[in-house]
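Numbered from 1 within each chain, the chains take letters A, B, ... in sequence-line order. All values reported here derive from a predicted model rather than from experimental measurement.
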Amino acid sequence: MRQSQLFTKTRKDAPKDEVAKNAELLIRAGYIHKEMAGVYSYLPLGLRVMNKIATIIRQEINALGGQEILMTALQDKNLWEKTGRWSDKVLDVWFKTKLKNDTELGLGSTHEEEITALMRDYVRSFRDLPVYAYQLQTKFRNEARAKSGIMRSREFLMKDLYSFSKDDAEHSVFYEKAKISYKNIFNKAGIGERTYLTYAAGGSFSKYSHEFQTVTPAGEDTIYICEKCHVAVNEEIRDEQKTCPHCENADLKKEKAVEVGNIFNLGTKFSEALDLAYVDEKGEKKFVVMGCYGIGPGRLMGTIVESLSDEKGIVWPESVAPFKIHLISIPDKEGKVAHYADKLYQTLVDKGIEVLYDDRDTRAGEKFADSDLIGIPYRVVVSDKTMAEGKLELKDRKSGTVEKIEEKELYGK
RNA sequence: CGGAGUGUGGUGUAACGGCUAACAUUCCUGUUUUGGGAACAGGCGACUCUGGGUUCGAAUCCCAGCACUCCGACCA
């Protein structure tokens, strides 16, 4: 994409109503736009990052056997009354609204009720199980206090996967596989080494649930890490679990962290309440055993910014960067540089390489500062100097290393 | 939801109760520049959050509302 066509602009100053680093940088660089407290729009660059994250998630969840669907944000009150969760006292983040005829509706903050009811139409026999379905969809949560930029907002995208298994054994097998998929997702997103499988409060069907917590000072949670096993314990269960659940190590390191994902055994809580059952080999009726598995792509994006940015701006891992290459031309008077840069841009586009081309008529310093702020992994400069040498200048955003390369070497990047 | 604070051009700030609300930046014009947010000149852009009140006079003081931020509580 030509940067001269990009309608967003960078800013030197962050808005005074943002304190969180993720929001400051993402707004300054033009990734997001704040609509109101806890409500953000995603702009061209931001949407590209979200889509990259969504792609990583889809790859892994599809490999797990997940089938993607899209459910509705509007929720049926009757359904939620059956599980006792319509009450604001039980679920205090409800946004509720009404039809013209005064029928009450809810805006979905989660979708256990809806998907459980939906599956009743398709699950009858043990032959129909297991089933794994997921969606990437907007959730609405009326948080008492939105904070931390896009890390805790009132409207946000969420990937929610639900598993439907015949029994606990079948559920456990999938649950363990999901842990591995989640690890893969956070590895691919570039925060794997600082993200810990964390034991947390489990609900009525398991002793513990599992969260994926990324260590960062911006985190709202406190976890206790076992370095040996690369797992952690959430402070909420610290009293009952003082050692590493894997190796009994008592020397755990306390850190602030952000919950970027969680997986939860729902047992038969929803299937019993909503009568999602099947008939087994012996002709007996059994309730389906469920699990749910969530990741917030927006929160993940914010977490990446919080943990990987530096004083100059954002540093995206290549896997989620809006573009792979930031091509910068420093035009000369005769137009030779611009002509060559145009051609190079077209060549890269034709080869399917994602490139943001800074073809604007501004000074080099401004282009470099913008480039650092936006945080694309590879910066390629074309100028008088580089043309005289017949080479390109390649700078790695993360390491800051600069090297001269042939144009052809760029194609392999 | 409890507590605290803040609302001034797009953005960041300034202005004792008293002149046409100032400065920087962004943006537009022009000239000179051209490898780390250039220089100069000119210009556009604000009912000072909203509604009341006090006063000869309110961005400034008072009341109410709304919005935003921070601390805490909450976070299947």
S.K.: Name the nucleic acid region contacted by A:K385, choosing base, sugar-phosphate or nothing; use a 4.0 angstrom heavy-atom cut-off, strictly under.
M.R.: base
S.K.: Could you tell me whether A:V93 contacts a base, only the sugar-phosphate backbone, or nothing, with contacts defined as non-hydrogen atoms closer than 4.0 Å?
M.R.: nothing
S.K.: I need the CZ-P distance between A:R154 and B:A67, as an integer number of Å.
M.R.: 10 Å
S.K.: Do A:E354 and A:K52 meet the salt-bridge criterion of a basic N to acidic O distance under 4.0 Å?
M.R.: yes
S.K.: Using the P atoms only, state how far B:A22 lies from B:C16, rounded to an integer number of Å.
M.R.: 14 Å
S.K.: Under a 3.5 Å cut-off for both contacts, is B:G30 paired Watson-Crick or G-U wobble with anything, and if yes, with which nucleotide?
M.R.: B:C40
S.K.: In whole angstroms, how far is the C1' atom of B:C74 from the CG atom of A:D221?
M.R.: 12 Å
S.K.: Summarise protein proximity over nucleotides 5-10 of chain B in one line of letters, 5' to 3': B for base, S for sugar-phosphate only, - for none, counting protein heavy atoms closer than 4.0 Å.
M.R.: ---S--
S.K.: For A:M36 and for A:E112, locate the closest nucleotide of RNA chain B by heavy-atom distance; then report the residue assigned to the nucleotide nearer the 5' terminus.
M.R.: A:M36
S.K.: According to the Watson-Crick and G-U wobble definitions, with both distances under 3.5 Å, which nucleotide is paired to B:A67?
M.R.: B:U6
S.K.: Now, which nucleotide makes the Watson-Crick or G-U wobble pair with B:G45, with each of the two distances under 3.5 Å?
M.R.: none
S.K.: When the P atoms of B:C40 and B:A24 are compared, how many Å lie between them, rounded to an integer?
M.R.: 10 Å
S.K.: Can a donor-acceptor pair under 3.5 Å be found between the side-chain atoms of A:R379 and the base atoms of B:G35?
M.R.: no
S.K.: Map A:A14 and A:A20 onto RNA chain B by nearest heavy atom, then report which one ends up closer to the 5' terminus.
M.R.: A:A14
S.K.: Return the value, rounded to whole Å, for the distance between atom CD of A:E236 and atom P of B:A73.
M.R.: 14 Å
S.K.: Categorize A:D332 for me: base, sugar-phosphate, or nothing, with a 4.0 angstrom heavy-atom threshold over every strand shown.
M.R.: nothing
S.K.: Might you list the N or O atoms of the protein lying below 3.5 Å from N or O atoms in nucleotides 23-34 of chain B, with each pair's distance?
M.R.:
from, atom 1, to, atom 2, distance (Å)
B:U33, O2, A:R363, NH1, 2.7

S.K.: Establish whether the base of B:G35 is bridged to the side chain of A:D384 by a donor-acceptor pair shorter than 3.5 Å.
M.R.: no
S.K.: Measuring to OP1 and OP2 of B:A67, would you say a side-chain N or O of A:K34 lies under 4.0 angstrom away?
M.R.: no
S.K.: Please tell me which of the listed nucleotides, B:A76, B:G37, B:G36, lies nearest to the side chain of A:T10?
M.R.: B:G37
S.K.: B:G36 base to A:K395 side chain: any donor-acceptor pair below 3.5 Å?
M.R.: yes
S.K.: Should the pair A:E255-A:K253 be classified as a salt bridge under the 4.0 Å nitrogen-to-oxygen rule?
M.R.: yes
S.K.: Heavy atoms only, 4.0 Å cut-off, all strands: where does A:D160 land among base, sugar-phosphate and nothing?
M.R.: nothing
S.K.: For A:M158, report the nucleic acid contact type (base, sugar-phosphate, nothing); a contact means any heavy atom under 4.0 Å.
M.R.: base
S.K.: For nucleotides B:G53 and B:C68, find the distance between their P atoms and express it as a whole number of Å.
M.R.: 28 Å
S.K.: How many whole angstroms separate atom CG of A:D358 from atom P of B:G36?
M.R.: 15 Å
S.K.: Quick check for you: to the nearest 0.5 Å, what is the distance between A:T362 atom OG1 and A:D358 atom CG?
M.R.: 5.5 Å
S.K.: Determine the interatomic distance between P on B:U20 and the same-named atom on B:G36; round to the nearest Å.
M.R.: 46 Å
S.K.: Report the residues that fulfil side chain to side chain donor-acceptor pair (under 3.5 Å) with A:T347, sequence neighbours left out, ordered by chain and then residue number.
M.R.: none
S.K.: Considering Watson-Crick and G-U wobble pairs with both distances under 3.5 Å, what does B:C1 pair with?
M.R.: B:G72
S.K.: Classify the ring geometry of A:Y293 against A:Y175: parallel below 30°, tilted from 30° to 60°, perpendicular beyond 60°.
M.R.: tilted
S.K.: For B:A14, give its Watson-Crick or G-U wobble partner with both distances under 3.5 Å, or none.
M.R.: none
S.K.: Heavy atoms from C-beta onward define the side chain here; which of B:G12, B:C71, B:G35 lies closest to that of A:K147?
M.R.: B:C71
S.K.: Looking at every strand, decide which applies to A:T83 at a 4.0 Å heavy-atom threshold: base, sugar-phosphate, or nothing.
M.R.: nothing
S.K.: Taking only residues two or more places apart in sequence or in another chain, which ones pass ring-ring contact (aromatic ring centres under 6.0 Å, His included) with A:Y357?
M.R.: A:Y345
S.K.: Quick one: is A:R145 getting a side-chain N or O under 4.0 Å of the B:G2 phosphate, OP1 or OP2?
M.R.: no
S.K.: Got a list of side-chain donor-acceptor pairs under 3.5 Å for residues 298-308 of chain A, not counting sequence neighbours?
M.R.:
from, atom 1, to, atom 2, distance (Å)
A:R299, NE, A:M151, O, 2.8
A:R299, NH1, A:E259, O, 2.9
A:R299, NH2, A:M151, O, 3.1
A:T303, OG1, A:R299, O, 2.7
A:E306, OE2, A:K21, N, 3.4
A:E306, OE2, A:N22, N, 2.9
A:E306, OE2, A:N22, ND2, 2.8
A:S307, OG, A:T303, O, 2.5

S.K.: Using atom C1' of each nucleotide, how far apart are B:C23 and B:U48 to the nearest Å?
M.R.: 16 Å
S.K.: Once you apply the 3.5 Å cut-off to both distances, tell me the Watson-Crick or G-U wobble partner of B:U54, or none.
M.R.: none
S.K.: Measure from CG on A:N262 to P on B:C75 and round the result to the nearest Å.
M.R.: 14 Å
S.K.: Is the A:F140 ring parallel, tilted or perpendicular to the A:F95 ring (thresholds 30°, 60°)?
M.R.: perpendicular
S.K.: Hey, does A:A144 reach any base, or is it just sugar-phosphate, or nothing, if we go heavy atoms under 4.0 Å?
M.R.: base
S.K.: Quote, to the nearest angstrom, the P distance that separates B:G12 from B:U26.
M.R.: 15 Å
S.K.: Using the C1' atom as the reference point in each nucleotide, state the distance between B:A58 and B:C63 in Å, no decimals.
M.R.: 15 Å
S.K.: Would you kindly check whether a donor in the side chain of A:R152 faces an acceptor in the base of B:C74, or vice versa, at under 3.5 angstrom?
M.R.: yes
S.K.: Hey, does the Lys NZ or Arg CZ of A:R379 hover above the aromatic six-ring of A:F368, less than 6.0 Å from the centre and inside 45° of the axis?
M.R.: yes
S.K.: Can you sort out the partners of A:Y224 under ring-ring contact (aromatic ring centres under 6.0 Å, His included), two or more places apart, ordered by chain and number?
M.R.: none
S.K.: In Watson-Crick or G-U wobble terms, both distances under 3.5 Å, what is the partner of B:C19?
M.R.: none
S.K.: Find the distance A:D92:CG to B:C1:C1' and express it as a whole number of Å.
M.R.: 10 Å
S.K.: Which value, in whole Å, describes the distance between the C1' atoms of nucleotides B:C49 and B:G37?
M.R.: 32 Å
S.K.: Using a heavy-atom cut-off of under 4.0 Å over every strand shown, decide if A:E393 touches base, sugar-phosphate, or nothing.
M.R.: base
S.K.: Using atom NZ of A:K89 as one end and atom C1' of B:A73 as the other, report the distance to the nearest whole Å.
M.R.: 18 Å
S.K.: Does A:K96 count as lying over the ring of A:W86, i.e. NZ or CZ under 6.0 Å from the six-ring centre, within 45 degrees of the axis?
M.R.: yes
S.K.: Nearest-Å distance, CZ (A:F270) to C1' (B:A76)?
M.R.: 7 Å
S.K.: For residues A:F264 and A:H210, establish whether the separation of their ring centroids is below 6.0 Å.
M.R.: no
S.K.: Looking at A:K166 and A:D128, does any basic side-chain N land under 4.0 Å from a carboxylate oxygen?
M.R.: no
